[in-house]
Each structure stands twice: as C-alpha cells, then as structure tokens.
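Scroll down for the structure; my scribbles are underneath it.
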Amino acid sequence: MAQVPLAAGLFSWPSDDPRLLGSECSACAMVTFPSQDSCPRCALTEMVSKPLARRGRLWAWTTQNFPPPSPPYAGASGKDFKPFAVGYVELSGEVKVEARLMETDPAKLQNGMEMELVIVPLGKNTDGDDIVTFAFTAC
Amino acid sequence: MAQVPLAAGLFSWPSDDPRLLGSECSACAMVTFPSQDSCPRCALTEMVSKPLARRGRLWAWTTQNFPPPSPPYAGASGKDFKPFAVGYVELSGEVKVEARLMETDPAKLQNGMEMELVIVPLGKNTDGDDIVTFAFTAC
Amino acid sequence: MNPEVAIIGVGLHPFGRFAGLSGIDMGAIAIRRALADAGVEWRDIQFAVGGSYEVDNPDAVVALMGLTGIQFTDVYNGCATAASALALAAQTIRLGDHDLGLAVGMDKHLPGAFSADPRNYACPSWYGEMGHFITTKFFGMKINKYMTDHGISHETLARVAAKNYRNGVINPNAFRRKALSEEEILNSAMLNYPLTQYMFCSPDEGAAAVVLCKAEKAHLYTDTPIYLRASTVRTRRLGAFEVHSPWLPIEETVGATVDASRAAYELAGIGPEDVDVIQLQDTDAGSEVIHMAENGFCPDGEQEKLIAEGTTEIGGRLPINTDGGLIANGEPIGASGLRQIHEIVHQLRGTAGERQVPGNPRVGYTQLYGAPGTAGVSILSL
Amino acid sequence: MNPEVAIIGVGLHPFGRFAGLSGIDMGAIAIRRALADAGVEWRDIQFAVGGSYEVDNPDAVVALMGLTGIQFTDVYNGCATAASALALAAQTIRLGDHDLGLAVGMDKHLPGAFSADPRNYACPSWYGEMGHFITTKFFGMKINKYMTDHGISHETLARVAAKNYRNGVINPNAFRRKALSEEEILNSAMLNYPLTQYMFCSPDEGAAAVVLCKAEKAHLYTDTPIYLRASTVRTRRLGAFEVHSPWLPIEETVGATVDASRAAYELAGIGPEDVDVIQLQDTDAGSEVIHMAENGFCPDGEQEKLIAEGTTEIGGRLPINTDGGLIANGEPIGASGLRQIHEIVHQLRGTAGERQVPGNPRVGYTQLYGAPGTAGVSILSL
Ligand SMILES: [Zn+2]
Ligand SMILES: [Zn+2]
C-alpha cells in the first residue's frame, strides 16, 4: 500500500529530509504556513515558496480527547479513536505551526521544549492507501 | 389503512362537512390560515379559532411541473411525481388560502372561477397510512 | 441633498462554476480587484461589511486579505443581502465613524432550486410536506396573475429572457454567454406555468466588492466618483403578495419593492424619469416585467408595448439588466446585488465596453427582491 | 459625551431545550416580552436587526409579529453576533434615521460541538481532515499556555465553573440549574487539557430581544432608561492568538477582545474601574479567566487570587456572569449576547431578584468572543 500525503504542497514527500512548505513575502519577509498567494501583513501578492526549518520549540499545546466532529476527520473515529495532543511549534524566526504532537501525556509536555518534524500515519483514504501527515516529536 | 390528516388542526377530519381551520382576531377581525397565536395586523394575541367557508373564488394560480426539492415533500417524488396545480382561493370576506387545485390543465384554470374545498390523498406516511390534505376543485 | 457617500472602486469575480475555489477565495479576488480599481490598499480600509448565504462568516476573508483588526460586520437578507450591506456601509460613513470602507458579497451554491426548513421562515412543516415551500412557484403565480390582469403575453416573457441572454454574450463575467431565441425559451420545459426553464435564473458562484468613501474625499481617489444617493431595504407589509405565504389577507397592498423604491426616490430626490440605466431582480423573466412597474418605470401593462419596441434594450430609453441580469449571470445570493452595482458604476463611468449605454448615462438604479418578502433599492449618480 | 441611545425594554425566551418550538417562535416570544417591558407595541417599532446562526432569515419573524413593512436587517458575526446587532441598531438611531428599534437574537442548535466546512473560514480542507478544525481545542490551548505563563491553577478553573453553575441555580431562565462542586467539575471527563466537560458551555436553544430608542426620548417610556454608551466589534489583528489558525506569526499582539474593549472604553469615556457588573464570554472556564484581564479588570495572573477570594461572586467587587454566563445558560449563538444585555439591564435597574448585585450598580459591561477571531464589547450605564 502506498503512502500518500494529506495534501499536495504541504510538505516535501517522499524525502529523507522532509520539510513543511511555507511561503515568504518578498516585500515584508512575512512567513506563512501553508503557502498562500497574498501576505497577511502587507496584503501584497508577492509570496515565494519556502521550505521551513525542521526544528523548533513548543509554544502552546493541549490534548484532543474526543473525536473531532468536524467532517471529514481523516483519522480513526468512533471506538478506534485515540486521543492525541496538538500544539504550536515555533520555528525560530520563521513561523509558529500548528501540528499534532507525538507525546500525548500532559505530564511530559512543556512549553519551550525542543521538537522536530516527523511524518506520521493519519488514517486510510478510500483507496486503502495510508495517509501521512506532519507532526512534531521531542528531540 | 387509515386516512391521517397532513397535520393536526389544519382541517376538521373526519367530517361530512370538512372545513379549513383558521383563526380570527378578537380585536381587529383579521382572519388567518392556519390558526396562529398573534394577529399579523395588530400584533395582539387574542385570536379565536374559526372554521373557514367551504367555497371561494380562484385568485391566482400556477403549476408545479417538477418535484419540490424542499424536504420533506410528502407526495410521490422521482418517477412517480405527478405535476400539480396550486393557487390562492379567496374565501369571501375571510382570507385567501394557498392550496393544491384538482384541475391541472392551464387551459381550464381561470382567476375568478368558483371552487370548493375537498380532502384528497397526498401520499403515505412511514406507517403506510394514507396522508390526506386539503385542495380545491371547480364547482 | 448633497450626496454623503461615494463609490470609488468596484471588483468582480466572474459568476459561474469554479471548481477548486471556495466562496471566500472568490471574495478575496473581488476585494483585490475593487481595491485596485479604487487605487487603495487593504490596510487603508477602515471597516467592512460582508454578505453570504453559504459562508457563515464572510469576515473570515481577512485571513486572506490581511489581519488589520477592522470592524467587519456580516449581514444577510436573502436576495436583498447586497442592499443591506450597502446601506450599512453607507450608514457607517454618514455617521462619520469611518471614511473608507468596503462591502463584499460571495457565494458558492450547489445547482438546483434552494431548499431550507420552512419553520425557519415562520412557515409550518406541512407547508413543505405539501410541496408549497418553493420560491419558483410563487414567481409563476405572481406573473400568471399579472399577465391576466394587465395583458402581458408569453412572448413578452420570452423577449425579456432573450434580451438578458443576449446581454450576457457581451459580458465576459457572465455565467450564460449563449444567445437563445424566443422560440427556444418558450419551448423549453415548463417549470411553473407560464415560466419555462430558460426564463429562470439559476444559483451559481461568484463574488463582488465595492469600495465606498465619504463623498467629500472621493476626489482624492478618482475623477469619476459615483455617488450612492440612496440605499433602502423594506420587508413586506400585510396584504402584499409575497413568497412563502400559506395565506393572504383579503385586503391588498403593494409589495416590499414598491415601498423600498418609493423610499429610495424620496431620499435621493430623484424620480424614475431621471434614471438612465437600470438593474432589476430578474429571478425569472416575469419578475423583470413586474419590477418595471413596481419601481415606477411604467404603468402596469405598458411593458407589453415597451418590450416589443425594444425600450429595455441597451440602446433603448429604459435599458434594463445591461449585463444580462440574473438570467445570464445566475445568482450567488450574497454577491448578486453588488454585481448590479458593479455594472451601474461602469455604465455611469462610461467604461462598460460593448455593453455601454449610449448618451452618457448619469443616473443608475438597482433593485433586489427575495424571500421572505424583502426588497432593496439603490440609486446611484455621477 | 452625552449618551445617544437608550435601552427601554428587554425580553428573553429561556435558554435550554424546547421541543416543538422553532427558533423563530422563540424569537417572537422574546420580542413580545421586550415590547411589554418597554410598554410599546410592535407597530411602534420603526426598524429591527436580527441575528441567528441556524435561522437564515431572522426577519421572517415579522410573519408572527405583524407585517408592518419595516427595515429589518439580519446580521451574523459568530459568537459576537449580538454586538453587531446592537452596534447596528445604535448606529441607526444615532444617525437619526429612526427613533425606536429592536434587536433580536434567536437560535436552536443540535447538541454537540459546532461543525462547519473549514474552507468557509479560509482554512484548508486538510485542517479539518487532520482534526484541527475545532474550537474547543483552541480554548484548551489558550488557557493552558496562560496558566503556565501567569500561574493560574486547575482549581481556579473549577471555581469559575462552580460559581457560574451556582448563579444558574438562582436564574429561572438558565439551562443548567444544578450546582456542581469543584471536585465534580475537575473530575468530569477531560476534553481538551486542562478543560474538562463541566468547564465548557454547550450549544442550546433560546432567544433574547432588546428595545432601543433615542436617548432624549427614553423618559417617554421608562423611569429607568439604561444607556448604551458604546458597542464595538473588532476582528483579529496579525499576531493575535485566535481560533482556527493553522499558523501564527512570530510577532505577537493582543487579541480582538482587547481591541474591542479599549475602543469601547474610549467611546464611553468609562474605565474598567467604573464598572459595577460584568458579563464575559465564558465558552469555558478558562475563557472567563483570560477575559478578566483582556477586558482590563485585572493584571494577568491576579485572577488566581481574586477568584479564590470570591471577588467575582455576586457579592464581590467584580461580579462576573451573575446569571450563570454561557456555562449555565448554554449558547444559542444569535441570542447569547442579548442575554448578557438582558442581565445587565436588570442589574442596573435593580430588578435582578435573587441575583441582584448589592450597592446599586450603575455601570455594566458585556463581552463576546468567537470564531473566526471576532470580539464585541458593550458598555451600559444608568
Ligand atoms: Zn508582506
Ligand atoms: Zn388584530
């Protein structure tokens, strides 16, 4: 079974050195994730794509202890649902990215801890392929 | 199989002399159909119920040549759908009531023609009962 | 009365079907075009009003435009949404709270007639079960009665639709850009007698935006400000023959459109005889016919002759729906009325290209009407 | 500045679950109560503003109230809808277009967290597929960070929720009318760390209405007019930590609530030290804690001590959510903010019964916050 990314253009994949793919404003150096056509700071449309740093520090986090009701959630739902943690990781000087965290125990999560990008399975698509997505793990 | 009315309080049923059930404002004599709690003219809440006249004159009409998309339509849909006519019948001095018309040929419908209330089948409910509703026919 | 509010920029995302673009995306594109047209930047905008049916929060477009922290109010009044948005934007400027603002409408509908829960329109559930909760039926009934009472022919309905398709052909932003003959229109499937399929508009996708400013400041931005002389919204009065009515009283009165129209003429100090170019709500060809009279452009029944003589064509005395109206553009509800404003602004500026009404039109008029019996009118002038 | 707008009547349909009543029905009931409270008739009302999430066209309530043909504008700004409705109603009166108007909110939600299409909020589809498009997670993350940064304990969250349930017990219009201990709250199911089930409000049903008039005319109707001193709405600025953000910039700024609050204080010429009774958006217990600081009632971190000392109780120096807030009342989105106004009006009139704040409160404050990062603040006074 193939591994397919959650969405095209979200991260480089397959890759030995996967990176989240953001964009940077040529006018004001604002960095966004994912990439977008216009700058949310200066509203100009001069964005160029930018692979983001692999490492950063945890800025805020919580846990998701019930299956997200918002359709379509691509992970396992119902009885197969497994609680997960989610947070913003600040990639130094670039951007804060919201991502799933590999550690789910509140006792082991702390703002400021160093984290690194990993690509992890999320669920299966209708063809039976494994969907992979981005997450961060302590390092 | 039982015949059940489309809604309670809409018309007297079963009855040898079925009537639509409206309401009348004790303050300003406004008549409404169906009955409601407040008067749309004077906004007071002194409505008393009022059986409406059986006969009236056609005031405006059209045909419905495709199955109504609005859920839930209780009549036959898809291939079983039969086009119908619909119009407002003015019950003299009382109110104009929107209703299905038994005549569906545009050539035979004319504003001002005299019409009379009939109770007719609409479709079946989930128990298999026949739903009956109100309509007007030329007389 | 001196005009207080000016339109200095308009922008449109074409109307039609656009896979891969969300309603918000189209809204952002329309805003960018309106800003470019006005020669201002997003960060100059001090407040905004947004309208949409499908998008709960049109204000979410700030994520695409820039997070500047402005007041952004979302309004909705069915087919009259754009009139509410314009009226609110104009009111904000008249109050002096802000000088420069934006109104935007966006929508992305599925094909087919709209459906909803009757109870949310204060109609009983049985009204939907009986098959009555459908807007097209109302339009069929209203024009059918009107034709009987005022001597309007089926051919006139077909002429109106054919004109709007023809105007759509020369409008690069239109959804339907193919001319249809009167025969094709009359012979298409009957939907609600006397209205056939090609006499109706259809829901679609699109967006439109308008930049407004305090009238005294308009010359800082443009040589041809278009003044918003009035923008009114009215709901139905008891006795008006309006959509989604299980019953009507014996007493009769004029519809919400007539009330909104009269109020707008009075506010603007402008009469129907002064109007040079017109956009009317043509949900169907019959609506355009009726709205000609309801907005004061002719007595009831005179449409038969006027339309046969070509009076409502682009070159006629009463050019109506010069961009093809709803029939050629379809109706993304939140955007539809701002499309009308977009067209009027170009007509008054003299920049409507192939669709340009000759003779330097100076006064434009737009009208909207929809469920549950709400109408909006705007009057614009050079 | 002299107040320009007065509130002369308020009406509420209780919040909770009401089988057999539609959102529109509840809206009509709230309107009738507000009219009776003001001593005016529906036909006296010159314009209205309506807000709802589930009801497309709140203006359809005219079918139940009376078809008087008024301008009736529907607005929507998520949880801040009522602030937009009040601001628009006040603006209409300030302009002099009308003297007497009405704002009404109504909703009837299904149980469970709200869901929607992320694309309509300018979020990519994958954001929903990944399980991120959910508001409760944002609230968990925001308070979790705030607790770390400013030394707030889990017990404080439980105290806030317990207070609001307690206030709900003495509010006959509330949804949840059972006191819950801090232990029960802390031990209920964890939903989004550190927030447990009983720390969250839930969507429900209800309606609220407010009658407003020109300030000079208020004494024609009532001996205790409540003046609306300010009503502001703000969207998020770049760098604010707000809901539905797949990313945030490195640069940080204050949230939309802080912007709306500062603007309202400035407009009203009133400061947080002047406020006697407060309603804050308590989507969850953490939100109430954060909003105390964001609205200027204390420095960050001081909540820990204030709440432990009972300062936010009905008898305290800063009585907050005296009617039980969202936690005890639930949230029918369109109505929620007008429920806050209803409570403040009764508190300032001295008619809040068992919930009455002692010492004749003279100034009240309300705040709303919701997706996609929109806040509203109103300041009222005797
Ligand atoms: Zn930039
Ligand atoms: Zn009456």
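Letters A, B, ... mirror the listed sequences (proteins, then strands); counts begin at 1.
- Annotation: A:D37, atom CG; neighbour count of heavy atoms from other residues, nucleotides and ligands within 6.0 Å does not exceed 12.
- One finds the OG1 atom of A:T63 at 8.5 Å from the CG atom of D:L191 (value rounded to the nearest 0.5 Å).
- Using a 4.5 Å cut-off on side-chain heavy atoms (C-beta onward), A:Q64 and D:H132 make no contact.
- Contacts of D:F138 with chain A are absent, with no heavy-atom separation under 4.5 Å from either backbone or side chain.
- A:V95 is not listed as a side-chain neighbour of D:P249, based on a closest heavy-atom distance of 4.5 Å or more.
- Within 6.0 Å of the CZ atom in D:F200, the count of heavy atoms belonging to other residues, nucleotides or ligands exceeds 12.
- For D:S125, no part sits under 4.5 Å from any heavy atom of chain A, backbone or side chain.
- Between chain A and the options D:M130, D:K137, D:E251, the largest number of non-hydrogen pairs under 4.5 Å is found for D:M130.
- The backbone N or O of D:Y193 lies less than 3.5 Å from a partner atom in the side chain of A:T62, making a donor-acceptor pair.
- Only the side chain of A:Q36 has a heavy atom closer than 4.5 Å to any heavy atom of chain D.
- Of the atoms belonging to A:L122, it is side-chain heavy atoms, and not backbone ones, that fall under 4.5 Å from chain D.
- A side-chain N or O of A:W59 and one of D:E252 form a donor-acceptor pair less than 3.5 Å apart.
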After noting the C-alpha distance and the side-chain angles of A:Y88 and D:K145, does the key distance pass the side chain to side chain contact (heavy atoms under 4.5 Å, CB included) rule?
CA-CA 11 Å; A:Y88 286 91; D:K145 177 171 172 55; over 6 Å; no
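- The side-chain heavy atoms of D:W247 and A:V31, taken from C-beta on, include no pair separated by under 4.5 Å.
- The environment of CD in A:E46 is crowded: more than 12 heavy-atom neighbours from other residues, nucleotides or ligands sit within 6.0 Å.
- A:Y73 places none of its side-chain heavy atoms less than 4.5 Å from the side chain of D:E129.
- Heavy atoms of A:L10 lying under 4.5 Å from chain D belong exclusively to its side chain.
- Smallest separation of non-hydrogen atoms from A:P69 and D:I134: CD-CD1, 3.5 Å.
- When the candidates A:R100, A:R41, A:E90 are compared by the number of heavy-atom contacts under 4.5 Å with chain D, A:R41 comes out ahead.
- Of the two parts of D:F139, neither the backbone nor the side chain holds a non-hydrogen atom closer than 4.5 Å to a non-hydrogen atom of chain A.
- Counting heavy-atom pairs under 4.5 Å between each of A:A85, A:A60, A:G22 and chain D puts A:A60 at the top.
- Between the side chain of D:N144 and the backbone N or O of A:W61, at least one donor-acceptor pair lies under 3.5 Å.
- A:T32 touches chain D through backbone and side chain together, each having a heavy atom under 4.5 Å away.
- For a residue to count as touching a neighbouring chain, one of its non-hydrogen atoms must lie under 4.5 Å from one of that chain's; by this rule D:L238 touches chain A with the side chain only.
- The distance from the NZ atom of A:K96 to the CZ atom of D:F241 is 8.5 Å, given to the nearest 0.5 Å.
- In this structure, chain D has a heavy atom under 4.5 Å from the side chain of A:F84, while its backbone stays farther away.
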